[in-house]
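We use all heavy atoms of the structure for the numbers below, so side chains are in, but hydrogens, waters and symmetry mates are not. Chain A is the first sequence line, chain B the second, and so forth, proteins listed ahead of strands; every chain is numbered from 1.
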Amino acid sequence: MTISVPLREQIAALIRVGLQDAQTSGALPAFDLPEIISVDQSRHEAHGDYASPVCMGLSRVLHRAPLQIAQAVAQSIPAADFIAQVEVAPPGYLNFTLANAWVARQTPIILAAGESWGNVALGSGQRVQVEFVSANPTGPITIGSARNAVIGDTLAAVLEAAGYTVEREYYVNDGGSKVRNFGASILARYAHLFGVDVPFPEQGYPATYVTELAQRAQAEFGARYLTQDRDAAIHALGVWGIARILDGVRDDLAQLRVHFDTWFSEKSLYESGLFDAMLAKLRDGGYILEYGGATWFHHPDLEKDAVLIRSPQVVPTPEDRPTYLASDIAYLWNKVVLRGFDKAIYVWGADHHGDVPRVQAAAKALGVDVNRLVFILYQMVTLLRGGQEVRMSKSSGEFVTLRELVDEIGPDPIRFMLLTRTVDVTIDFDLDLAVEQSDRNPVYYVQYAHTRIAGVLRKAVEAGYALDVPGDPTLLTHPSELALVRKMLALPEIITLAATAMAPHSLTVYATELAALFHAFYRDCRIVSTAPEEVALTQARLMLARAAQHVLARVLHLMGMDAPERM
RNA sequence: GUCCCCGUGGCGCAAUGGACAGCGCGUCUGGCUUCGAACCAGAGGGUUGUGAGUUCGAGUCUCACCGGGGACUCCA
């Protein structure tokens with residue numbers, strides 16, 4: 001298991017020493033070191049590999065020209081084996097160039113790290129829960145929930161790579177009126193199969209999958225539920241139906257390669273008494289008001305009070321009265337206090353953004369540090385078919401399920417497509433285009449690089465090369481070879497970035513760039529040669545190709561995608 | 001009316017407050033009898049919606065405006 005310190009952090013540490021030494025030597029007057037020393041990857045080759053603008057910011061404090069400061073600091077930066085040179089560039093940049101020989105020497109190290117290459121110690125073992133999807137179990141998974149699934153699952157993988165202990169959780173909304181409405185919907189369809197007329201509930205689910213469930217119920221239970229007490233039948237069919245839907249949800253998500261450690265039942269919050277305990281705690285703190293027959297959460301941060309328990313005049317059945325917010329508060333207590341997660345990450349659709357301040361206020365009221373809750377709000381996915389928007393909701397008719405899509409184009413293009421954009425932009429998912437363009441999806445560009453390497457390795461074996469022979473990294477001197485290794489060396493930074501900014505999409509950008517650099521290497525450097533004088537070079541390049549293959553596979557796997565040997 | 005997100009080449013999107021704003025698709029040109037052409041090389045295409053401000057430095061931060069999407073129920 002390899003854990004790396006990102007190069008930018010190593011360079012920042014060098015600069016820190018330089019800043020310190022420049023003061024003690026008197027080259028610079030005394031000043032407080034900046035808390036963070038920013039180091040960027042250079043965008044232009046002429047600027048080296050990494051650049052720091054830190055001296056520009058110090059100019060004001062020191063009353064000196066940034067260029068002068070940079071020169072003083074550059075003099076004081078200690079030598080390091082991985083740095084070939086430190087240059088000062090106007091108006092005051094410090095530019096660092098990695099030593100080519102050192103870069104080449106990292107190739108066997110990356111190869112040996114295998115799929116642990118890129119891991120960093122950011123999380124230092126903190127326990128994090130990522131709660132995602134959590135779609136109502138009253139219908140199959142849609143493409144909108146698929147975005148949630150892909151973001152949550154990839155983020156969880158990134159956090160694991162960053163050194164957190166991660167649990168993936170699905171919150172099952174199995175409490176309240178949904179069960180009854182769902183059960184009543186099934187019962188109405190079920191009775192119809194026997195020619196009996198039972199009214200379809202007003203808030204029911206008219207979609208065809210309910211009719212299919214009714215047919216299954218008929219096959220499984222016969223006419224049993226027609227003779228039972230109506231309420232008992234509704235409840236039994238509701239519980240049974242939700243369990244069946246959940247089976248389907250689990251299958252659908254598994255098709256997308258998404259798996260959960262825990263399926264947490266909302267109902268259990270009430271059965272365990274946690275809900276009442278939470279309510280009592282809020283009441284003690286003075287956060288509960290009663291008026292109009294309802295129970296309200298009152299907090300100075302909120303403009304309006306929020307209902308926790310609806311009034312009997314509005315909702316007749318007691319078990320239907322607690323609101324979603326009420327459950328969410330009890331659930332939050334369960335997460336961070338009872339189960340003690342250091343961080344609870346919520347992956348929510350942007351339509352829930354209004355709920356964030358309420359849950360945060362509740363956390364404060366319960367004495368929980370708000371920073372332990374992280375909300376990732378992703379924008380919606382609109383589904384287009386023939387240029388027309390397809391409106392989907394579980395309580396309406398029309399429906400495009402994730403399953404249909406996965407069956408048609410497979411999980412990899414879907415995951416990549418939903419992952420390439422930042423969570424902040426809406427996605428128009430054009431069904432016709434998705435199917436038609438699946439050949440051209442950038443996912444295949446990345447997978448092709450992996451496959452191409454596999455092909456070359458097969459060729460090398462045919463030519464009599466053994467792949468496990470260590471290559472001589474000093475033979476890797478071509479710019480395209482070194483550029484490829486440099487990109488691999490950046491993975492720890494990408495994982496750090498993705499984990500701190502909660503930005504899983506940056507993996508797709510990196511994967512594409514890495515693939516492009518492999519293709520460039522492949523173009524410029526013939527890998528397999530049987531000429532006797534090129535055996536050693538071939539072995540070095542095979543080592544590089546294998547390292548690149550591992551890193552590509554690592555990134556694809558972080559994104560939940562396949563790294564194929566052939567395609 | 002209040003709140004959230006977006007506005008970047010024809011289209012779809014990247015870019016941690018840093019230097020000359022990148023990539024894919026599409027368009028044009030060129031490259032396979034030697035490791036996989038699902039690839040590569042080159043060309044064309046930009047006042048980053050508009051206007052102010054903060055900063056040594058703004059696509060990025062602040063304010064106003066314009067345009068698009070979403071949320072503001074004792075819904076789930």
Side-chain angles (χ1 to χ4, degrees), chain A residues 8 36 38-44 46-47 51-57 59-60 65-66 89-93 95 136 138 173 176-178 181 203 292-296 303-304 306-315 321 323-324 349-357 377-380 382 393-395 420-428 430 433 437 439-449 451-460 462-463 493 496-497 500-501 503 505-506 508-509 512-513 515-516 518-520 522-530 538 541-542 545 566-567:
Chain A
R8 351 176 359 195
I36 43 166
S38 78
V39 175
D40 310 314
Q41 281 196 46
S42 300
R43 282 204 284 220
H44 300 280
H47 302 150
S52 176
V54 69
C55 299
M56 263 104 81
S59 172
R60 176 176 289 256
Y93 288 100
N95 289 339
N136 278 340
T138 49
N173 292 121
S177 54
K178 279 177 301 299
N181 278 325
Q203 304 279 313
T295 301
W296 304 76
E303 281 180 29
K304 285 192 281 187
V307 181
L308 292 181
I309 301 182
R310 302 180 187 104
S311 60
Q313 304 93 280
V314 180
V315 177
R321 282 183 209 140
T323 59
Y324 263 66
D351 51 344
H352 287 91
H353 86 93
D355 298 330
V356 173
L377 297 167
Y378 63 92
Q379 296 297 313
M380 311 308 283
T382 52
S393 93
K394 280 164 196 165
S395 46
T420 28
R421 294 161 176 81
T422 66
V423 298
D424 288 329
V425 306
T426 54
I427 296 181
D428 287 333
D430 191 318
L433 229 57
Q437 288 198 340
D439 295 358
R440 285 200 309 251
N441 192 299
V443 67
Y444 297 111
Y445 180 80
V446 177
Q447 289 183 323
Y448 179 65
T451 304
R452 202 178 204 187
I453 296 172
V456 172
L457 296 182
R458 283 192 295 269
K459 198 82 180 178
E462 280 169 31
E493 281 154 30
T496 304
L497 172 72
T500 50
H505 81 281
S506 44
T508 62
V509 177
T512 308
E513 289 170 353
F518 173 77
H519 289 309
Y522 177 89
R523 173 197 68 218
D524 293 335
C525 304
R526 168 97 200 166
I527 298 170
V528 180
S529 164
T530 48
T538 296
R541 286 179 172 167
L542 285 172
R566 298 172 199 272
M567 54 193 278

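Rounded to the nearest 0.5 angstrom, A:Leu377 CG and A:His352 NE2 are separated by 10.0 Å. Atom-to-atom distance recorded for A:Cys525:SG and A:Arg541:CZ is 4.0 Å, nearest 0.5 angstrom. Considering NE2 of A:His519 and OH of A:Tyr448, their distance stands at 7.0 Å, rounded to 0.5 Å. Atom CG of A:Leu433 is separated from atom CG of A:Asp428 by 11.0 Å, given to the nearest 0.5 angstrom. Considering CD of A:Gln379 and CD1 of A:Ile427, their distance stands at 10.0 Å, rounded to 0.5 Å. Note that the CG atom of A:Asn136 and the NZ atom of A:Lys178 stand 5.5 Å from one another [nearest 0.5 Å].
One P atom belongs to B:A58, the other to B:A52, and the distance between them is 14 Å to the nearest Å. Spacing between B:U8 and B:G1 at atom P, rounded to whole Å, works out to 25 Å. Using P as the reference atom, B:G51 and B:C4 are 24 Å apart when rounded to the nearest Å. Using atom P as the reference point in both B:U47 and B:C39, the two lie 30 Å apart (nearest Å). Spacing of C1' atoms, B:U29 relative to B:U55, comes out at 45 Å, to the nearest Å. Comparing B:C72 with B:A76, their P atoms are spaced 13 Å from each other, to the whole Å. The separation of B:A37 from B:C32, taken at their C1' atoms, amounts to 7 Å, rounded to a whole angstrom. To the nearest whole angstrom, the two C1' atoms, one in B:A64 and one in B:U54, are 15 Å apart.
In this structure, CG of A:Asp428 is placed 12 Å from C1' of B:C11, rounded to the nearest angstrom. Atom CG in A:Asp524 sits roughly 18 Å away from atom P in B:U34 (whole-Å rounding). Distance, A:Arg452 CZ to B:C35 P: 10 Å, rounded to whole Å. Atom P of nucleotide B:U73 and atom CG of A:Asp351 are separated by 14 Å, given to the nearest angstrom. Atoms NE2 (A:His352) and P (B:C72) sit 9 Å apart, rounded to a whole Å. Atom-to-atom, CE of A:Met567 to C1' of B:A37 comes out at 13 Å; the value is rounded to the nearest Å. The CD atom of A:Gln379 sits 17 Å away from the P atom of B:G12 (whole-angstrom rounding). When rounded to the nearest whole Å, the span between CD of A:Gln41 and P of B:G18 equals 13 Å.
In this structure, of B:G12, B:C5, B:C35, it is B:C35 that holds the atom nearest to the side chain of A:Tyr522. The side chain of A:Arg566 lies closest to B:G36 when the candidates are B:G36, B:C35, B:U16. For A:His519, taking side-chain heavy atoms from C-beta onward, the closest of the listed nucleotides B:A15, B:G36, B:C39 is B:C39. Distance from the side chain of A:Ile527 is smallest for B:C35 among the nucleotides B:G18, B:C72, B:C35. Taking only side-chain atoms of A:Val509, from C-beta outward, the nucleotide of B:G70, B:A14, B:C74 with the closest atom is B:A14. When distances are taken from the side chain of A:Thr426 to each of B:A37, B:G69, B:G12, the shortest belongs to B:G69.
Across all strands shown, B:G53 forms a Watson-Crick or G-U wobble pair with B:C61, both key distances being under 3.5 Å. With a cut-off of 3.5 Å on both pairing distances, the Watson-Crick or G-U wobble partner of B:G1 is B:C72. With a 3.5 Å ceiling on both atom-pair distances, the Watson-Crick or G-U wobble partner of B:A41 is B:U29. Base pairing analysis places B:G12 opposite B:C23; the two distances defining the Watson-Crick or G-U wobble pair are each below 3.5 Å. Summarising the base pairing, B:G67 is matched to B:C6 through a Watson-Crick or G-U wobble pair whose two defining distances lie under 3.5 Å.
Phosphate proximity of B:A76 to A:Ser177: present, with a side-chain N or O under 4.0 Å from OP1 or OP2. Between A:Arg526 and B:U34, a side-chain N or O to OP1/OP2 separation shorter than 4.0 Å is absent. Applying the 4.0 Å criterion to OP1 and OP2 of B:C6, one finds that A:His353 has every side-chain N and O outside that range. For the OP1/OP2 pair of B:U73 and a distance below 4.0 Å, the side-chain nitrogens and oxygens of A:Lys304 include at least one atom meeting the criterion. Distances shown here put a side-chain N or O of A:Thr422 below 4.0 Å from the OP1 or OP2 atom of B:A14.
Under the rule for a ring-ring contact (aromatic ring centres under 6.0 Å, His included), A:His505 has no partner lying at least two apart in sequence or in another chain. Residues forming a side-chain contact (heavy atoms from CB on, under 4.5 Å) with A:Val314 (at least two apart in sequence, or on another chain): A:Ser311.
Counting non-hydrogen atoms under 4.0 angstrom, A:Arg541 reaches nothing in the nucleic acid. Within the nucleic acid shown, A:Asp40 comes within 4.0 Å of at least one base atom, counting heavy atoms only. Among the atoms of the strands shown, base atoms are found under 4.0 Å from some heavy atom of A:Thr451. At a threshold of 4.0 angstrom between heavy atoms, the contacts of A:Gly349 with the nucleic acid are absent. Here A:Cys525 lies in heavy-atom contact (under 4.0 Å) with a base.
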(message) Working note: A:Glu493 + A:Gln41, criterion side-chain contact (heavy atoms from CB on, under 4.5 Å); need CA distance, chi angles, decisive distance, verdict.
(response) CA-CA 10 Å; A:Glu493 281 154 30; A:Gln41 281 196 46; 2.9 Å; yes
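Side chain A:Arg310 to base B:U73: no donor-acceptor pair is found below 3.5 Å. In this model, a side-chain donor or acceptor of A:Ser311 finds a partner on the base of B:C74 within 3.5 Å.
The 5' end of RNA chain B is approached more closely, in terms of each residue's nearest nucleotide, by A:Arg421 than by the other of A:Val307 and A:Arg421. Place A:Met56 and A:Ala350 on RNA chain B by their nearest nucleotides, and A:Met56 ends up nearer the 5' end.
A:Ile527 and A:Tyr522 get closest at one heavy-atom pair: CD1-CD1, 4.4 Å.
Geometrically, A:Arg452 does not engage A:Phe518 in a cation-pi contact defined by less than 6.0 Å to the ring centre and at most 45° from the axis.
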(message) Base contacts versus sugar-phosphate-only contacts with protein, heavy atoms under 4.0 Å: please encode nucleotides 19-29 of chain B as B, S and - from 5' to 3'.
(response) BB-S--SS---
